[in-house]
Each structure stands twice: as C-alpha cells, then as structure tokens.
Amino acid sequence: MRRSELFLPTLRETPAEAQIVSHRLMLRAGMVRQASAGIYSWLPLGMRVLRRLEQIVREEQDASGAQEILMPTIQPADLWRKSGRYDDYGKEMLRITDRHDRELLYGPTNEELITDILAADVSSYRDLPLNLYHIQWKFRDEVRPRFGVMRGREFLMKDNYSFDLDFAGARHSYNKMFIAYLRTFKRMGLQAIPMRADTGPIGGDLSHEFVVLADTGESAVFCDKALLEMKMPSAELDYDSDLQPVVDQWTSHYAATDELHVPEKCPVDEGRLVQGRGIEVGQIFYFGTKYSEPMGAVVQGPDGNRVALEMGSYGIGVSRLVGTIIEASHDDKGIIWPEAVAPYLIGVVNLKSGDGDCDRACNDLYGFIQRAGLSVLYDDRDERAGAKFADMELIGLPWRITVGPRGLKNGKVELQARAGGEAQEMSLDEIRNWVTAKAGV
RNA sequence: CGGGGCGUAGCUCAGCCUGGUAGAGCACCUGCUUUGGGAGCAGGGGGUCCUCAGUUCGAAUCUGGGCGCCCCGACCA
C-alpha cells in the first residue's frame, strides 16, 4: 500500500479524551475513532490488526477441532427468558423493541442462542462432542466505559461453546481450549498467564482467566515466577490425546487475581512471587447443564436415556487484545507491533519523493517486497524526513527501510527494526536478500 | 449509580470572571523556496461558540433546563 493512498489520519497531538497509552496511540495512529462512549469505528490500520488477531484466533480454534459459525448480534428476548437471564442480566443488557413491539436485545454473549440451536438439531450422543465458535460483536452497556477499546461497550469477541455427553468429555473440551488459548496468545507475542477464576455457583476448578501482565492492567495479579518460565505445549501435542498432564502442569503453580489472593495464605515465598497488574484477555468456563437443562438441549445416550448436554464456554476479547498488545509493546514514540499482528510488516520511507533515483529505488523495492508476499507500506508522500520518521514510529511497523539520496549515492539503503537496535546499512542486493529470507520464514 | 470536570475551527487550546458580534498554534488549500528527524515565506478556506429557553438594546460570556464527553469510586471480556 502506498501511504499517499492509505486512509491513515495520524494525529500529532493527543485528543483530550484519551488517558491510557493504548487509547492515545490508537487515536494518534489513526486506528480508531470514537463514535460514542465506548463505541468505536475501526479505520484501515486498526482494521488490519483486528483482522490479523481474528485470524490467529480462528486458526487456533480450527486446529483444536472447533467449528466456526456466525450468530446474530440481535437476539430475541424470549430465549433469555427461558434461561432466566433476561431479568438477571440487569442494565448491562441493551434492550431493544422492534416495530411490532417485539422485545429484542443486542447480545452480550450467546449461550442461549447456541443452546437453542443445539436443542433443535442435536438429539443423539453420536453427534457429540461439538465445539462451535464465532467471532462477533457484543454489546454490554457498561456504566462507565473507559480506556478506549480495552473497555468499550461494543467489542469484538470470539466465544465458543462446547457440548459433551458427560463430565469427562466436558473436561477434555475444556483442556483443549486451555491449550488453544496458551498457543493463541503466544502467537500474538503476549505472555498470558492462566489464573484460577471464580466459578460462581457452579463450583469446581474449571474456570480460568488468561491474564496479560501490563502496568496499566485493571486488576492486581500475583503468580509464581515459574509460570513466566513455562514452555509452550509442543506443536506435536495431539488434541485427541490426554491433555490433563499438560493442564495440570500449568495449573500446579500459584496464580491469582487480587479477588482471590490472600497474602497470608499465599503458598509462594516472596522471592518467587511475581506481583503486577494484569489485563484479562480470555476466560474459559465449564458450567455443566446450566443452560442445556432449562432450554431442553438433551440427547439420547447409548443406554437410551435422555441427558442434558454438558457445556462450557470460552471467550477471547479480540478488540481488547489490540489495546492490550499496545499496552505491552510501545515506547514514547509510538506502537511497537510484534510481527505476527503488525498491520504491515515493512515500511519503506522515501526520503526524497520526486527525486528520480529515490523514486526508482523505492518503486523497485516496493514491488519486490510485494512480489515476495510480504505486507509493505510505502511512504511516498512529499513530506519532510522527520515527519515520515515520526509517523512510521508512531504506527509501529516492525521494520523500516529508509531510502535517501545520501545513501543511494553509494548504492545503500538502511534497515531498522522498530523494536530497537542500530540501523543497518545495506546494498540494494543485500536488502533484497533480506526480504527474500524474511518471506521464506 | 454516587462524586468531580469539561463542551469555542479537523486536533490542542485561549477568550467567559468584568456582555459589544470569533482568536492562536498545528492541520488543510494555492504559489515559491526547501528536503536524512514533525521546514520557511506569502496568500487563502474553514466555526449553528453542544442545545433549548430566559435576562438584556446586545449573550461564546450571565441564569435555568436538557444532551454529550472525560476523570475518580463501586461494577465488568
């Protein structure tokens, strides 16, 4: 993409409404614009990041055997009456009336809807297990939205729902998601720590929050240092094998948010206790037959008896992750995108647009990078060098290739990593080799 | 939902106290000069001063209602 053609309205100054760094940078980098309190439009740069995150989530969900569907944002109130949550949910639920005075709501989550689908179309244990997910916008009418997309009212969430015949099956489904989540966040360049979460009235130990450490996190978290040193489950790990040992390994170390943390009872000695702030980016939850029973999602088992489905639900806050990654990865100049989620991998800066040599070298390089299959943003604008550098640093592309008349006289361009380190002078051949190698990875 | 603050150009803000008909910097448009860290000069465009009502000869400015947004707290992916 040529910068001169990209809709990328960057701001030099910080809009007054933004407080935390990710919000400020997302506005300044032209990723989002606020439509209303806690409701945002996503501009091209933000959209690309959102799509990349979605895609990682999707790939890991698919790899675990979950299947993608898409449920609507607007749901009928009657379904929620069946589960009893229409009255329980309170003012956080956005209630709507259509022209026929039918009661609708903008979904804050989808348990009712999915259970209703299963109730209608699954009737035999042979149809199980099932795990269905979708990535859809949700709405929760927070009393006080804040922190930009970190705590909006409208947000993009991946949620899925597992259905099993019995508890052992449900536990296995839960374990699959546990591992899929570890892999998903890892791929995004995040260190997410699974923490035992409150399971409410259901009880049991089958709920975990995945928390990313960041100074601006909304809650205080405590964990054993060992968790930060854990190795990801091997890529060869088969989702159909017994996953319990792996999950046990991760859950054997202490980790708790401040609600569950009691200093006096903490089993980790001071030297090994990591204290920090955390952002919750995902939660997994087993809840048995809470919805399947009232909503009639039952199957006939091998013995002929009808049993309610054992269910679990699993969420990842996709739009929140955009802010989370920025919180975890930025400096005073702007965002520093991990390669896996960057809106473009490489930025090419033409220091002297209009100069024949510079234009030619940039065009060649730009085409070469594209043909190599890498994403590239080419700043071809007639702007000052400083403005281009500042802009490039703000939007945080992992790699910058600088092409200017000075270097070009000696046949050189510069390669610089946004994450730090010295700029490297390279010949045009060398930079093409670098691109080819990068594309080969 | 309690407490506080704010609403003037695309952005950051001044003007309001003490009423007299709209400002700055940045951004934008035109031209010239510039070009390795957010340029210079000249010219130009752009505002229902959140909204409604009231006071007044006259309201961005004073008074009241409403709406919106932000912050702190309680609550949440």
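Every chain is numbered from 1, with letters handed out A, B, ... down the list of sequences. Since the model is a prediction, treat every value here as computed from it, not as a measurement.
- Contact annotation: A/Arg384 reaches the phosphate of B/A39 (side-chain N/O to OP1 or OP2, under 4.0 Å).
- A 3.5 Å limit on both hydrogen-bonding distances identifies B/G44 as the Watson-Crick or G-U partner of B/C28.
- Nucleic acid contact for A/Arg24: none, since no nucleic acid atom lies under 4.0 Å from a heavy atom of the residue.
- If you look at A/Phe210 and A/Tyr181, their ring centroids are closer than 6.0 Å.
- Residue contacts for A/Gly354: at a heavy-atom cut-off of 4.0 Å it reaches no nucleic acid atom on any strand shown.
- The CD1 atom of A/Ile336 sits 5.0 Å away from the OG atom of A/Ser329 when rounded to the nearest 0.5 Å.
- Note on A/Ala16: only backbone sugar-phosphate atoms sit closer than 4.0 angstrom, heavy atoms only; bases stay farther off.
- Here A/Phe178 and A/Trp250 keep their ring centres 6.0 angstrom or further from each other.
- For B/A27 and B/C67, the P atoms lie 38 Å apart once the distance is rounded to whole Å.
- When the P atom is used for both B/C50 and B/C16, the distance is 15 Å, rounded to whole Å.
- In this structure, A/Gln34 reaches the sugar-phosphate backbone alone: every heavy-atom distance under 4.0 Å involves primed, P, OP1 or OP2 atoms, never a base.
- At the heavy-atom level, A/Ser353 lies nowhere under 4.0 Å from the strands shown.
- Summarising the base pairing, B/C75 is matched to no nucleotide, lacking a Watson-Crick or G-U wobble pair whose two defining distances lie under 3.5 Å.
- No engagement by A/Ser319 is indicated, since no non-hydrogen atom pair under 4.0 Å with the nucleic acid exists.
- With a cut-off of 3.5 Å on both pairing distances, the Watson-Crick or G-U wobble partner of B/G68 is B/C6.
- The C1' atoms of B/C49 and B/A59 are separated by 11 Å, rounded to the nearest whole Å.
- As a whole-Å value, the separation of A/Arg320 CZ from B/C76 C1' is 8 Å.
- Rounded to an integer number of Å, the gap from A/Glu17 CD to B/U12 P is 7 Å.
- As judged by a 4.0 angstrom heavy-atom cut-off over every strand, A/Gly152 is placed among the base-contacting residues.
- Atom P of B/G23 sits at a distance of 13 Å from the matching atom of B/G45, rounded to the whole Å.
- Straight-line distance from the CG atom of A/Asn110 to the C1' atom of B/A77: 13 Å, rounded to whole Å.
- Distance A/Lys352 NZ to B/U33 P: 13 Å, rounded to the nearest Å.
- Remark: C1' of B/C70 and CD1 of A/Ile20 are 14 Å apart, rounded to the nearest angstrom.
- At the heavy-atom level, A/Ala385 lies under 4.0 Å from the strands shown only through sugar-phosphate atoms.
- Between the side chains of A/Gln244 and A/Asn175, at least one donor N or O sits under 3.5 Å from an acceptor N or O.
- With a cut-off of 3.5 Å on both pairing distances, B/C17 has no Watson-Crick or G-U wobble partner at all.
- If you check B/U63 for Watson-Crick or wobble pairing at under 3.5 angstrom, you find it paired to B/A53.
- Note on A/Gly315: nothing from the nucleic acid sits closer than 4.0 angstrom, heavy atoms only.
- As judged by a 4.0 angstrom heavy-atom cut-off over every strand, A/Lys388 is placed among residues making no nucleic acid contact.
- For the pair A/Gln61/A/Met177, a side-chain contact is recorded, criterion being any heavy-atom separation below 4.5 Å from C-beta on.
- When heavy atoms are screened at a 4.0 angstrom cut-off, A/Ala37 is found touching the sugar-phosphate backbone but no base atom.
- Between the CG atom of A/Asp382 and the P atom of B/G36 there is a distance of 12 Å, rounded to whole Å.
- Contact annotation for A/Leu11: no contact, since no heavy-atom pair falls under 4.0 Å across all strands.
- Remark: ring of A/Phe155 stacked against base of B/A77; centroid gap under 5.5 Å, plane tilt under 30°.
- A/Glu154 comes within contact range of no nucleotide atom at all, as no heavy-atom separation falls under 4.0 Å.
- Rounded to whole Å, the distance from CZ on A/Arg144 to P on B/C71 is 5 Å.
- Per the geometry, CZ belonging to A/Arg381 stands 10 Å off C1' belonging to B/G38, to the nearest Å.
- Geometrically, A/Arg196 does not engage A/Tyr254 in a cation-pi contact defined by less than 6.0 Å to the ring centre and at most 45° from the axis.
- If you check every strand for non-hydrogen atoms under 4.0 Å, A/Asp355 touches nothing.
- Between A/Phe147 and A/His23, the ring center distance fails the sub-6.0 Å criterion.
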